Amino acid sequence: MPSDAYGNYVDGTWTESDSGDTFELRNPADPDEVIGRFQYSTTADANAGVEAATAAQPGWAEVPAPERGDILKETAKRLEDRKEELTKTLSREEGKTLSEARPEVQRAIDIFYYYAQKTRDYRGTVKAASGTDSNLYTVQEPVGVAALITPWNYPIAIPAWKLAPALAAGNAVVLKPASQAPNVARKLFECLDEAGVPDGVANFVTGSGSEIGETIVQHDDVDAVSFTGSAEVGSHVYDSATDGKKRIQAEMGGKNPTVVMPSADVEQSVDIVGAGTFGVTGQACTACSRAIVHEAVAEEFRSGIVDYAENIDVGPGVEDPGMGPHVSESELQGTLEYIDVGKQEGATLEAGGGRPTGDEYADGYFVEPTVFSGVSPDMRIAREEIFGPVLSIIEVGSFEEAVEVANDVEYGLSASIVTDDHSEANRFVDEVEAGVVKVNEKTTGLELHVPFGGCKRSSSETFREQGEAAMDFYTISKTVYEGY
Ligand code: NAP
Ligand code: MG
């Protein structure tokens, strides 16, 4: 490519957009540093991606599944060879610390190995036929062409957990990465290319969500749409995909609670809530943002979590501090606005509450770990996704009240309880409205081989992602009756 901008990857070639336009990406810890320029693609570029996928998909489906698996395994190896480079790329573009970025890159590697193996295991089931001399079985076939739309907050893990099962199952794809963090996803496509994914099977097109995203979601030749991002965009994408009779999965935001009961060790509760809230700068869909605390331990918990927040050292992700910056100025502004809302609503600011002071923080999108107490369940800071390191402490008088408050939001992604009471733990698992429930663990952190998804406004509640559930999304079953 002639210009210095990074390309789209369409039909096996790195290409420039028709538009001739590019957009610039900067380091959120140091916005003077330009990370790269990316294609500001047009509808025509997006259509070219879908056309390449449509042409390549039947051939890819005919490749024996274990051979597809070998290519995924080779991709994993290439990611592994570049692990440190990818870790730094991720940290520089998205802002998370190296200690947070490294396991995310490892997650992408593990995902490719996992689905490489699944190609050998996943085909269908044999059942007993009612007739004599007959077979009855199912085969799983690829859905066809999938549009994959991903957010910036896990910019390699989420592309990986959509791409690997889609490709394992014999689909072709077009991925539209988030504009705020496309570089590490671009490098993933370099690995796919070098690993020998045939031309056209995996396409990568950067540009505006409302143009490129819309185009691929609505394209007649796209059979399935897998979206992860905000509830606002996700519900719109859901409507256009279902209007077009496409298979859709949409995983969206959260307002995740951790309930702290008096039987729990308070120090352990503080660690669980602190890690869940302030990890990855609170920019996780599963981040804890509500501590629902029994009044018997509320004071001890409050002083513990304030201490925890005040002891986090904030700094550039690449220096591996306790917490990195927000990904962008608009995300920083969003968090600062919610902090103002909390103050206006009458919550008590206990820790943080603004940008950290000092020369080293002057330009980057840094914010302080922030804690509010005295939050009531009807306040906006207790109901809306903030997507930053802001915790609301809500006091309750009983287990029943805790569950009621936990469930009294539009979202239902992840929820946890800290308790030593076996019965309470099990009742929480039964009664809480969430797709992921944890006992004595933080709300964040997922294993790759079990289903993931939310309920209520957090999810389309159609298909789960990850584990074998992901293979269900990317395949459709055919039932075969065979008399012989
Ligand atoms: P977002 O603003 O909804 O964007 C997500 C993706 O959709 C981006 O690639 C975006 O492109 C694209 N997009 C925007 N408008 C579109 C349209 N009209 N049609 C099709 N695509 C469109 O989300 P985000 O800010 O990147 O990510 C943060 C959100 O993701 C949070 O709400 C978080 O909770 C959620 N999330 C959920 C999960 C989960 O698994 N449940 C995981 C991670 C994050 P541009 O970047 O070009 O705008
Ligand atoms: Mg957004």
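Note that the structure is predicted; figures quoted are calculated from it, not measured. For ligands, and for the atoms within them, numbers begin at 1 and follow the listed sequence.
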Tell me which part of [X] gets within contact of ligand 1: side chain, backbone, both or neither, using heavy atoms under 4.0 Å.
| X | value |
| --- | --- |
| Val237 | side chain |
| Tyr154 | neither |
| Gln283 | neither |
| Thr228 | both |
| Pro177 | backbone |

Inset, instruction - Test side-chain hydrogen bond (donor to acceptor under 3.5 Å, both in side chains) on Thr150 and Lys162 and set out the steps. - result: CA-CA 9 Å; Thr150 53; Lys162 295 185 191 297; over 6 Å; no
Looking at Ser230, Ser330, Ser414, Ser240, the heavy atom closest to atom 3 (O) of ligand 1 belongs to Ser230
Closest heavy-atom approach to atom 44 (C) of ligand 1 among Ile386, Asn153, Leu175, Thr286 is made by Asn153
Fill in: Heavy-atom side-chain proximity of Val222 to Val217 below 4.5 angstrom
no
Is any side-chain heavy atom of Lys343 less than 4.5 Å from a side-chain heavy atom of Phe372? yes
Against ligand 1, does [X] come closer than 4.0 Å with any heavy atom?
| X | answer |
| --- | --- |
| Gly454 | no |
| Ser458 | no |
| Gly207 | yes |
| Ile158 | yes |

Is the closest N or O pair between [X] and ligand 1 shorter than 3.5 Å?
| X | answer |
| --- | --- |
| Glu385 | yes |
| Glu331 | no |
| Cys285 | no |

Taking atom OG1 of Thr444 and atom CG of Asn256, what is their separation to the nearest 0.5 Å?
->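 Nearest 0.5 Å value for the OG1-CG distance: 9.0 Å.
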*Start with the C-alpha gap between Tyr9 and Leu175, add the side-chain angles, then the distance that decides, and say whether side-chain contact (heavy atoms from CB on, under 4.5 Å) holds.*
CA-CA 10 Å; Tyr9 182 71; Leu175 182 131; over 6 Å; no
Problem set entry | Lys96 to Tyr154, cation-pi by 6.0 Å centre distance and 45° axis angle |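 Yes, Lys96 sits over the ring of Tyr154.
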Thr15 vs Asn8, test: side-chain hydrogen bond (donor to acceptor under 3.5 Å, both in side chains). Steps then yes/no. CA-CA 5 Å; Thr15 56; Asn8 289 329; 4.8 Å; no
Okay, side chain of Thr443, backbone of Thr286: is any donor-acceptor separation there less than 3.5 Å?
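A pair under 3.5 Å: yes.
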Do the ring centers of Phe473 and Trp161 come within less than 6.0 Å of each other? no
